[in-house]
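Written below as structure tokens is the structure these notes are about.
Remember, it's 1-based here, ligands and their atoms both numbered in the order they're listed.
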Amino acid sequence: MTLSPREKKDLTNWQKGYEGELHFDELTRPFESTFLLLQDLLLKNHSTTFQVDTLLITPNKNYLFEIKNYEGDYVHDDDKFYHLPQSEILNPLHQLQRANALLGQLLTRHGITTPFESYLIFIHPHFTLYQAPQHPSIIYPTQLSSFLRKISPASNPLKGHHRKLADTLTTLHDPNPVLPDLPAYSFDSLQKGIYCLQCSSCSIALKGRSMYCEKCGHIEEFSAAVLRNALEFKQLFPSNRITSTSIYEWCGEIGTPRRIRTVLEKHFAIKGRKRGTYYV
Ligand SMILES: [Zn+2]
């Protein structure tokens, strides 16, 4: 399917944001056993929905991060941010302040009054901000490693109240966001096939019980890959029935409808009979 210039831009922004979060994951992995990391939370305070990029719960402090994977030249001028040469972007500091305020209110309503330190992190190594403000909440790429060293948790363990905080936020997270900006699509207009979980390539071959990525060598069990694609199908086409034929087609006709059926029978409830069988 073809995307409009606006949709392409949205997609690129989304991909860049996602890559930024993956990069942050990598940087914090050395001390992952001593903290709780929550990402991409969609929360609601009264009727206001807001997104929280990254929350880090450590034994000493809790952190709220807005991670921006901006690349290239930007300028800060009169409390505004511009992507050079001239397009103004949403002020990321305002986004951070808004998320912090709404998160605080939401947690207070649930009886939790723990404070969060908030930081705006520019994570891309090729990011330049002209007239960069010396703001205590902004971490620039060159400051990132020393910042992470500073906040890396001490050896004292997480306690019950830390887990309660993480559990509360996970429960409040809305897993089914309304995506108003999703481009129009149909089953026929989308490319079929299983893509690699690691590198997103579609060069996947079925070898016995495994799917093998010819590009990066990643291996995934056939049943896991089919289940992943069936769930994706369900999310994308809520009004289409999950059948062995529809999922076989959605997976790019890999394996056989019979093998697909075996996977579906294991993970979904069976409805209908014989040729009319479908899964929910
Ligand atoms: Zn791959």
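- Across every non-hydrogen atom of Glu249 and Lys192, the tightest pair is O-CB, 3.3 Å.
- Ring planes of Tyr70 and Phe122: tilted class, angle from 30 to 60°.
- Taking the six-membered ring for Trp and thresholds of 30 and 60 degrees, Phe237 and Tyr185 have ring planes more than 60 degrees apart, a perpendicular arrangement.
- Checked by atom type and distance alone, the side chain of His110 never pairs as donor or acceptor with a backbone atom of Ile112 at under 3.5 Å.
- Listed by chain and residue number, the protein N/O/S atoms under 2.8 Å of the Zn ion (ligand 1) are Cys196 SG, Cys199 SG, Cys213 SG, Cys216 SG, with waters left out.
- Cation-pi geometry between Arg259 and Tyr248 is not satisfied (NZ or CZ under 6.0 Å from the ring centre, within 45° of the ring normal).
- Pairs passing the salt bridge (Lys or Arg N to Asp or Glu O under 4.0 Å) check and including a residue from residues 40-58, sequence neighbours excluded, do not occur.
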